[in-house]
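Next up is a structure, given as structure tokens.
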Amino acid sequence: MTRIAAEDYLEALAAHGIEHLFVNPGTDFAPIVEAFSRAARTNQPVPRPMVVPHENAAVAMAHGYTMVTGKPQAIMLHTNVGTANAINMLINASRDRVPMLLTSGRTPFTEQGAEGSRSAHIQWAQEMFDQAGMLREMVKWEYEMKRGDQAATVVDRALEIANASPQGPCYLSLPREVLGEVMSAAVESNRSHRAIPCPPEARAGDIDTLADWIAEAKNPLIITGMLGKDPRDSVVLSRLAERYALPVVPYNTRYFALSADHPMFQGSVPDPLLPDADLVIVFESDVPWLPGKIAPSANARIVQIGEDPLHGRLPMRSFPSDLTLTATCLSVLEALEVALAKRMTRHVAERSKKLGERSRALRATWQQEAEHAGQAEAITLPWLNHCLREIIDADTKVISEYSFRQEYCPLQSPGSLFALSSAGGLGWGLPASLGVKLASPHSLVLSVLGDGAYMFANPTACHYTAHNQKLPVLTIIYNNSLYNAVRRATLDMYSNGVAGENDGRFLAELPPASFEKIVTAHDGYGEKVEKPADLPGALRRAVQAVRSGQQALLNVICK
Ligand SMILES: Cc1ncc(C[n+]2csc(CCOP(=O)(O)OP(=O)(O)O)c2C)c(N)n1
């Protein structure tokens with residue numbers, strides 16, 4: 001049998017360790033279908049294809065999988081229309097630097113005469129002058145495969161760029177004629193001789209400066225954003241924070257940075273500590289505080305650390321920095337441990353006492369809030385989170401689309417928390433939880449989402465995939481019948497305006513729906529919960545369903 005370029009292409013993906021190709025196919029896929037079929041016949045290693053019936057879900061699944069494994073995955077979508085559907089989740093992955101290979105078919109460029117030329121009406125209207133133009137800003141690199149014999153080298157190039165620091169998505173468009181090109185032999189790749197540059201590490205001199213500043217500081221403060229992407233980050237941070245009494249605020253954290261049980265966990269918002277801090281150390285945070293609301297003291301030393309500490313892909317950002325380190329969190333934390341061990345650190349004992357007391361007081365407040373919430377008429381966020389304590393174990397993975405709060409439900413394990421990208425493209429949590437489950441089949445995987453976020457996720461596509469791919473996840477909807485973030489934004493500007501008279505609810509109200517019924521259409525377990533006292537039992541029943549292999553959803557009606 002003749003060989004086609006799509007076979008080289010799939011084999012190149014497999015050679016890069018890509019285990020899954022999340023696909024949403026179209027008329028452009030014929031050579032890919034043929035190549036998968038041939039591979040199945042010959043037992044040739046290729047990624048496992050998985051049909052996901054919405055493009056955003058496919059990208060978020062890849063995102064979720066990579067957050068757990070660190071390994072980029074590939075997605076293939078249909079021409080411009082399918083690709084357009086995926087851009088919301090691509091923006092999330094791009095801003096949070098999650099490596100992936102996003103690909104789409106390209107409508108055949110020849111109208112007739114070639115193998116793979118146009119054969120359907122849509123193939124004229126689906127052609128664009130610049131298909132990649134709609135997503136170019138959100139990828140590190142993009143290319144259109146021009147010839148069949150490029151199949152291996154374009155994959156090599158895409159993945160070396162996606163994997164190099166700072167990581168991120170790459171895009172490849174795949175014309176049908178090119179994928180279907182008949183090849184005389186398998187194409188060669190020199191990928192084993194193309195070493196990817198190592199992620200950056202800080203210079204020794206900068207580490208010394210930072211260690212000196214920490215040793216002198218009276219009121220240091222650590223703010224983290226993406227720290228914990230490498231789970232080892234949080235292990236070293238935990239040691240360092242305790243040893244040197246360094247308060248930590250994981251602010252809009254995307255990963256588990258520090259347990260809320262740690263005495264140096266000082267809440268999730270920097271505002272109470274920021275004005276008095278004389279040293280602010282920012283680890284991988286695009287927005288370490290909201291400058292319109294709060295600012296560090298003018299005398300404070302500010303340190304910004306990250307693989308791209310200037311966040312060069314953000315058009316505008318002007319946070320101050322007295323020391324800017326282009327380095328991974330882990331390399332800085334490890335180097336600091338060594339450097340600080342050689343220094344006389346002042347103020348540690350007094351700070352340890354002061355912050356320890358503050359942490360105890362905060363934890364008592366959170367506990368009281370939760371207990372109080374348990375007595376209330378309606379379920380609230382503190383109660384929902386507090387009840388999660390009972391079902392979460394060291395191996396549980398929590399996906400948060402804003403609604404999870406460690407304050408009420410401390411986690412303990414590095415790699416146990418994954419939260420929505422700083423870009424805030426809603427509809428991510430549920431499909432990301434499917435990717436996380438795919439990567440960690442033995443863990444309890446639960447997502448906590450708003451009712452708005454749930455609907456953005458194309459729930460039917462996600463529940464359908466959970467069922468068909470045997471990915472039993474637990475979805476918990478914090479259902480306040482509201483776009484509360486929209487309401488808050490209205491009140492921020494117009495609490496004294498006419499909109500404020502209606503509590504900012506205009507355009508933000510979401511009439512309630514029985515979301516628990518949707519999951520049952522996909523053989524899932526669904527329950528609506530309305531009373532605080534009913535929540536623990538409902539969670540237990542849902543976990544039981546999940547443990548028995550059934551996806552589950554709780555529609556938690558909240559105030
Ligand atoms: C794809 C997308 N569309 C719109 C928005 C704007 N937006 C931000 S928050 C929000 C409301 C979210 O509602 P919900 O998930 O119920 O959470 P709540 O704000 O009520 O806590 C919306 C619509 C967005 N971030 N992403």
Side-chain angles (χ1 to χ4, degrees), residues 54-61 63-64 83-96 134-135 137-138 252-254 268-269 286-287 290 314 373 378-385 388 398-409 418-433 446-462 475-495 499 502-516 518 528-530 553-559:
H54 194 282
E55 293 83 354
N56 263 327
V59 176
M61 282 184 76
H63 187 151
T83 308
N85 256 356
I87 291 180
N88 176 14
M89 292 301 122
L90 178 68
I91 293 171
N92 283 337
S94 169
R95 290 304 192 214
D96 273 3
M134 62 180 155
L135 52 76
E137 199 174 330
M138 288 299 143
N252 283 325
T253 190
R254 257 81 88 221
S268 304
V269 183
D286 48 358
V287 184
L290 288 180
L314 304 185
I379 298 170
T380 54
L381 201 62
W383 181 246
L384 169 59
N385 279 277
L388 294 178
V398 178
I399 290 83
S400 172
E401 199 156 6
Y402 291 135
S403 307
F404 180 75
R405 299 281 185 282
Q406 253 220 83
E407 284 87 333
Y408 308 108
C409 180
F418 307 97
L420 178 64
S421 157
S422 61
L426 292 175
W428 173 86
L430 175 50
S433 77
L446 63 93
S447 61
V448 195
L449 337 159
D451 44 338
Y454 175 70
M455 286 190 275
F456 278 115
N458 298 295
T460 298
C462 294
T475 308
I476 301 171
I477 304 180
Y478 173 72
N479 187 348
N480 55 6
S481 301
L482 195 64
Y483 284 153
N484 198 27
V486 176
R487 173 184 153 265
R488 279 200 312 269
T490 302
L491 291 178
D492 257 359
M493 282 184 81
Y494 297 108
S495 56
N502 180 30
D503 195 28
R505 300 177 82 90
F506 184 61
L507 302 188
E509 285 184 330
L510 295 177
S514 297
F515 296 122
E516 71 284 358
I518 299 178
K528 181 185 277 186
V529 196
E530 295 182 270
L553 179 143
L554 293 184
N555 181 13
V556 183
I557 308 299
C558 298
K559 203 167 98 184

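Residue numbers count from 1 along this sequence. When a ligand or atom number is given, it counts from 1 through the structure's own listing order. Hydrogens, waters and symmetry mates play no part in the numbers below; they use all other heavy atoms, side chains included.
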**Message:** Going by side chain to side chain donor-acceptor pair (under 3.5 Å), E55 matches just one of N85, T83, N88. Which one?
**Reply:**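 Single side chain to side chain donor-acceptor pair (under 3.5 Å) partner of E55 among N85, T83, N88: N85.
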**Non-neighbouring partners of D96 that pass side chain to side chain donor-acceptor pair (under 3.5 Å), sequence neighbours left out** =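 Only R254 meet the side chain to side chain donor-acceptor pair (under 3.5 Å) criterion with D96.
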**Prompt:** Judged by modelled atom types alone, do N502 and R505 share a side-chain donor-acceptor pair under 3.5 Å?
**Reply:**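 Result is no, nothing qualifies.
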**Prompt:** Can you name the residues that form a salt bridge (Lys or Arg N to Asp or Glu O under 4.0 Å) with D492, not counting sequence neighbours?
**Reply:**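 Scan of D492 (salt bridge (Lys or Arg N to Asp or Glu O under 4.0 Å), adjacent residues dropped) gives K293.
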**Request:** Taking side chain to side chain donor-acceptor pair (under 3.5 Å) as the test, write out the residues that go with Y408, two or more places apart.
**Result:**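 If we apply the side chain to side chain donor-acceptor pair (under 3.5 Å) test to Y408, skipping adjacent residues, the hits are E369.
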**Asked** Does the side chain of K559 come within less than 4.5 Å of N480's, by heavy atoms?
**Response**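 Contact flag for N480/K559 side chains = no.
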**Asked** Around ligand 1, what residues show up once you keep those with a heavy atom under 4.0 Å from it?
**Response**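 Only N88, G424, L426, G450, D451, G452, A453, F456, N480, L482, Y483, N484, A485, V486 have heavy atoms that fall under 4.0 Å of ligand 1, ordered by chain and number.
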